[in-house]
Amino acid sequence: MYLELLWETGAAQSDAVNFKAEDIDWQSRTISYFRMKTGSLAQFTISNALEKVLNELPTTGVLFPNLSKFTANDRASRFRRRCHAAGVTGVTLHCYRYAWAERAKVVGMPERFAQAALGHNSKAIHRAYAKKAIIVAPSLEEYEAKAAQQKLVAA
């Protein structure tokens, strides 16, 4: 569940392991927390996939009470061992954060929203996280068709 939460939120591993049920506002479907590293506020809307994860976790207190007892280095070592056993190399818990930023860029999420979700104060830092995203531009024809459709809907 922890890895799924990292995938869905892009949160740093230490931030995610310390998420509390009280950080979740089900009425507005948002999660808000202050980053441990920078103290900056990170806020994002709960997706359907994230909701499924959250529904499997405690409804009060820390969401990962057992994992939160381990240090960041211990969590990273455990993850590395599991990856090694599965034959996976070159992946760390922090890769989930980079992957989230790259996924956001690929689908065209506005940079300011992705920054807010990850709690990045600096555009430069955020761009460094998303720099490996591969973007294939749609054809101009697709955009023209979309613009024409929007004109029809507006009329």
(Q) I'd like to know if L41 and I24 are part of one continuous hydrophobic network [Ile/Leu/Val/Met/Phe/Trp/Tyr, side-chain heavy atoms within less than 4.5 Å]. (A) no

Q.
With heavy-atom distances below 4.5 Å as the criterion, would you say the side chains of F79 and Y2 are in contact?
A. no

* **Cluster check V88, Y96: I/L/V/M/F/W/Y, side chain < 4.5 angstrom** => yes

message: Tell me if the aromatic rings of F19 and F64 count as close, with their centers under 6.0 Å from one another.
response: no

Review point. So, does R35 use its side chain to make a donor-acceptor pair with the main chain of S40 at under 3.5 Å?
Key: no

Please determine whether side-chain contact (heavy atoms from CB on, under 4.5 Å) holds for the pair I31 and L50, giving the CA-CA distance in whole Å, both sets of side-chain angles, and the decisive distance to 0.1 Å.
CA-CA 10 Å; I31 294 180; L50 179 56; 3.9 Å; yes

Handout entry: Side chains of Y33 and D15 in contact at under 4.5 Å (non-hydrogen atoms)
Key = yes

Check your understanding: Any side-chain heavy atom of K131 sitting closer than 4.5 Å to one from Y98?
Key -> no

Just wondering, are more than 12 heavy atoms of other shown residues or ligands nearer than 6.0 Å to CD1 in I134?
no

Transitively linked via ILVMFWY side-chain contacts under 4.5 Å: V17 with L6?
yes

Tightest non-hydrogen contact, residues G39 and F34, listed as O-CD2, 3.2 Å

Can you see whether Q43 engages S32 through a side-chain donor-acceptor pair at a distance of less than 3.5 angstrom? yes

| request: Give a yes or no answer on whether the side chain of N18 reaches the backbone of S68 with a donor-acceptor pair at less than 3.5 Å. | output: no

* Say whether, by atom type as modelled, one donor and one acceptor occur between the side chain of W100 and the main chain of E8 under 3.5 angstrom. => yes

Nearest heavy-atom contact between P58 and L63 is CD-O, 3.2 Å

Are L5 and L54 packed together at the side-chain level, in the sense that at least one heavy-atom pair is separated by less than 4.5 angstrom? yes

Taking R29 for the side chain and I46 for the main chain, is one N or O donor matched with an acceptor at less than 3.5 Å?
yes

* Derivation and outcome, side-chain contact (heavy atoms from CB on, under 4.5 Å), residues K105 and I135 -> CA-CA 8 Å; K105 185 174 180 179; I135 298 176; 3.6 Å; yes

Here the pair of heavy atoms bringing V53 nearest to L57 is O-CG, 3.5 Å

OG1 of T45 to CD of E51, rounded to nearest 0.5 Å, is 12.5 Å

Salt-bridge criterion met for E111 and R127 (N-O under 4.0 Å) = yes

Between H126 and A101, the two heavy atoms sitting closest are CE1-CB, 4.3 Å

message: Any side-chain to backbone donor/acceptor pair from D23 onto K20? Under 3.5 Å, distance only.
response: yes

Mind telling me whether H120 and Y129 have parallel, tilted or perpendicular rings, with 30° and 60° as the class edges? tilted

Taking every heavy atom of A42 against every heavy atom of A117, the minimum-distance pair comes out as CB-O, 3.7 Å

Next on the checklist: Any non-hydrogen side-chain atom of R75 less than 4.5 Å from a side-chain atom of L93?
Outcome noted: yes

Check against side-chain contact (heavy atoms from CB on, under 4.5 Å), H94 and Q13: CA-CA 7 Å; H94 204 67; Q13 65 133 325; over 6 Å; no

Between M1 and K52 the two heavy atoms that sit nearest each other are CE-O, 4.5 Å

ask   = Does the D74 side chain pair with the main chain of F70, one donor and one acceptor, at a distance under 3.5 Å?
value = no

